[in-house]
Amino acid sequence: MADISDLHTEASYLAARISASRARRTASFLGGGLPKQRKRVVIVGAGADGEKVARWLRQAPDRYEILGIFDDRTRGLNEVRPSAQYLGNLDDLLAFCRRSLPDIIILSIFSLSRERFLGIFQKIRVLPVDIDIALKKSDFDDENGASGPEFSIVLIEKQPLSGFDYVVKFLEDKIISILLLLFLSPIFALIAILIKCDSKGPIFFEQMRYGFNSNPIPVLKFRTMYTTMSDPTGVQKTVRDDPRVTRIGRYLRRYSLDELPQLWNVLAGQMSIVGPRAHVASMRVGEGIYEDVVKNYLLRHKLHPGITGLAQVKGFRGEIKAIKDARRRLSYDIFYINHWSLWLDLKIIIETVRIVLFKNEDTY
């Protein structure tokens, strides 16, 4: 059976080819279809096609800034001298976007085959940006006979939570985290005292995990293990009656109170109240690392990680042993990214409280 992500990718490609004759984005792209801020653009395609797109973008210098050109095949550099700087192959593009995320990536290879499109798209779709494809107009019927560039720009992957949705999510995170930090401050103080009385060591435990755009972030938690036995890498999974967990730590973990300091991560803009859970880079499932054995795993990093998430309230909370369950967890994360709404977040928060209070038998 075909992989769902492959079907989605092929559908995106076919939709781009079919809808291009109707959804002429070229005029609005340079005219008034996008917000009036300057967009940072990366071009994939170092040949003549990429140069045509680059020259076209430069017609609106107040709207677009070309950061550079990337291509796995450098022979295009011999066809035409690019006016934008060539910055490397697709692996270099991923590394570049981790450091400096653009607003738009344009695939500008008019003769792009289906196979090559799928290969490029699968690699770059993990990035939280708009992905467009430049299609030559002669490849399809021009219903309107419009003049202008010889290509049209079609959106094939939209950046999640852009525009007004981004503002709503931002305000949700800031308002809820501030209110909870104020309301729970006495509980924070009580937990801190109990931790210090129970065992030697710091009150907080910091662990590096994947954050937005696959960049590492320091996730803060209340310490629940003996200092000499803790595992900052997260390689050693916690098991029931784990001897590394302190007495107070068992209660903190059972009721997820150890997660409360992540409200500071939310306030700092590193996390969200609701989102795909932040995993350690070395997290394993079956016999391998998550991102190696679960296809499209990095798609979950297109949003900020959350203290709770849709996968957690659907039963995928804590340890995941089977690859099939890891894939189902990922499917919930991707569904959340593609269908975010304020109402969905509120439902997840309410369900999380219910689970923490009444269905915590498997949390250890």
Side-chain angles (χ1 to χ4, degrees), residues 101 128 159-195 202-224 232 234 248-249 251-280 300-314 316-318 332-333 335-337 339-357 360 363:
L101 190 66
Q159 173 186 353
L161 286 184
S162 58
F164 182 71
D165 287 346
Y166 173 84
V167 175
V168 172
K169 181 73 166 173
F170 176 86
L171 292 176
E172 172 198 336
D173 287 336
K174 298 304 180 185
I175 292 172
I176 293 179
S177 61
I178 290 173
L179 291 177
L180 286 178
L181 284 169
L182 292 174
F183 179 74
L184 296 175
S185 56
I187 296 178
F188 271 63
L190 176 61
I191 292 175
I193 293 171
L194 292 174
I195 290 173
I203 295 170
F204 299 105
F205 174 75
E206 190 176 275
Q207 190 175 60
M208 298 304 295
R209 298 192 177 190
Y210 276 128
F212 175 69
N213 196 21
S214 298
N215 285 313
I217 59 171
V219 172
L220 197 61
K221 303 178 72 173
F222 281 122
R223 180 176 60 85
T224 59
I248 186 62
Y251 292 99
L252 295 179
R253 297 175 75 94
R254 180 170 183 177
Y255 294 100
S256 297
L257 295 173
D258 59 319
E259 310 279 357
L260 291 180
Q262 291 169 34
L263 291 168
W264 289 109
N265 289 109
V266 176
L267 195 60
Q270 299 167 328
M271 293 180 64
S272 287
I273 298 294
V274 181
R277 284 287 290 150
H279 293 169
V280 293
R300 64 195 308 278
H301 300 150
K302 297 179 77 167
L303 287 183
H304 285 83
I307 297 177
T308 186
L310 180 61
Q312 281 62 50
V313 301
K314 291 296 184 179
F316 296 93
R317 182 170 175 240
Y332 281 118
D333 289 336
F335 178 91
Y336 173 81
I337 291 171
H339 298 85
W340 177 87
S341 69
L342 179 59
W343 176 238
L344 178 59
D345 273 5
L346 294 177
K347 288 196 293 185
I348 292 172
I349 292 170
I350 293 171
E351 184 65 11
T352 297
V353 173
R354 187 186 71 82
I355 291 172
V356 166
L357 292 178
N360 51 35
T363 306

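These numbers come from the heavy atoms of this one structure, side chains and all, not from hydrogens, waters or symmetry mates.
By the neighbour-count criterion of 12 heavy atoms within 6.0 Å, atom NZ of Lys314 is sparsely surrounded, having that number or fewer from other residues, nucleotides or ligands. Within 6.0 Å of CZ on Phe188 lie more than 12 heavy atoms contributed by other residues, nucleotides or ligands.
Side-chain atoms of Arg209 come within 3.5 Å of backbone atoms of Ala278 as a donor-acceptor pair (strictly under, hydrogens ignored). Counting only distance, with no hydrogens or angles, the side chain of Arg277 and the backbone of Ile307 share a donor-acceptor pair below 3.5 Å. No donor-acceptor pair closer than 3.5 Å links the side chain of His301 to the backbone N or O of Asn215.
Scanning both residues, Pro216 and Met208, for their nearest heavy atoms gives CB-CE, 3.8 Å. Here the closest non-hydrogen pair linking Leu101 and Pro128 is CD2-CG, 3.7 Å. Arg253 and Asp258 get closest at one heavy-atom pair: CA-OD1, 3.8 Å. Across all non-hydrogen atoms, the minimal contact from Ile355 to Gln312 is CD1-O, 4.3 Å. Tyr336 approaches Lys169 most closely through the heavy-atom pair OH-NZ, 2.8 Å. Residues Arg300 and Ile337 approach most closely at CA-CD1, 3.8 Å, considering heavy atoms.
Interatomic distance, His304 NE2 to Asn213 CG, rounded to the nearest 0.5 Å: 9.5 Å. Here the straight-line distance linking atom CD of Gln207 with atom CD1 of Ile217 works out to 11.0 Å at 0.5 Å rounding. Between the CD1 atom of Ile187 and the CG atom of Leu194 there is a distance of 11.5 Å, given to the nearest 0.5 Å. Atom CZ in Phe222 sits 14.5 Å away from atom CZ in Phe205 (nearest 0.5 Å). To the nearest 0.5 Å, atom CG of residue Leu263 and atom CD1 of residue Ile273 are 5.5 Å apart. With rounding to the nearest 0.5 angstrom, the CD1 atom of Ile350 is 11.0 Å from the CG atom of Asp345.
The side-chain hydrogen bond (donor to acceptor under 3.5 Å, both in side chains) analysis of residues 266-276, with sequence neighbours excluded, yields the pairs Asp173-Ser272, Asn265-Gln270. Sorted pairs that involve residues 160-184 and meet ring pair (Phe, Tyr, Trp, His ring centres under 6.0 Å), not counting sequence neighbours, are lacking altogether. Judged as a side-chain hydrogen bond (donor to acceptor under 3.5 Å, both in side chains), not a single pair has a partner in residues 174-189 (not counting sequence neighbours).
Between Tyr332 and Phe316, the ring planes are tilted. Angles from 30° to 60° get that label.
Taking the six-membered ring where the residue is Trp, the centroids of His279 and Tyr210 are separated by 6.0 Å or more.
A 4.5 Å side-chain heavy-atom check between Leu180 and Val266 finds every atom pair outside the cut-off.
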| task | For side chain to side chain contact (heavy atoms under 4.5 Å, CB included), just list the numbers for Leu260 and Leu257, CA-CA rounded to whole Å, side-chain angles, deciding distance to a tenth of an Å, and then say yes or no. | result | CA-CA 6 Å; Leu260 291 180; Leu257 295 173; 3.9 Å; yes

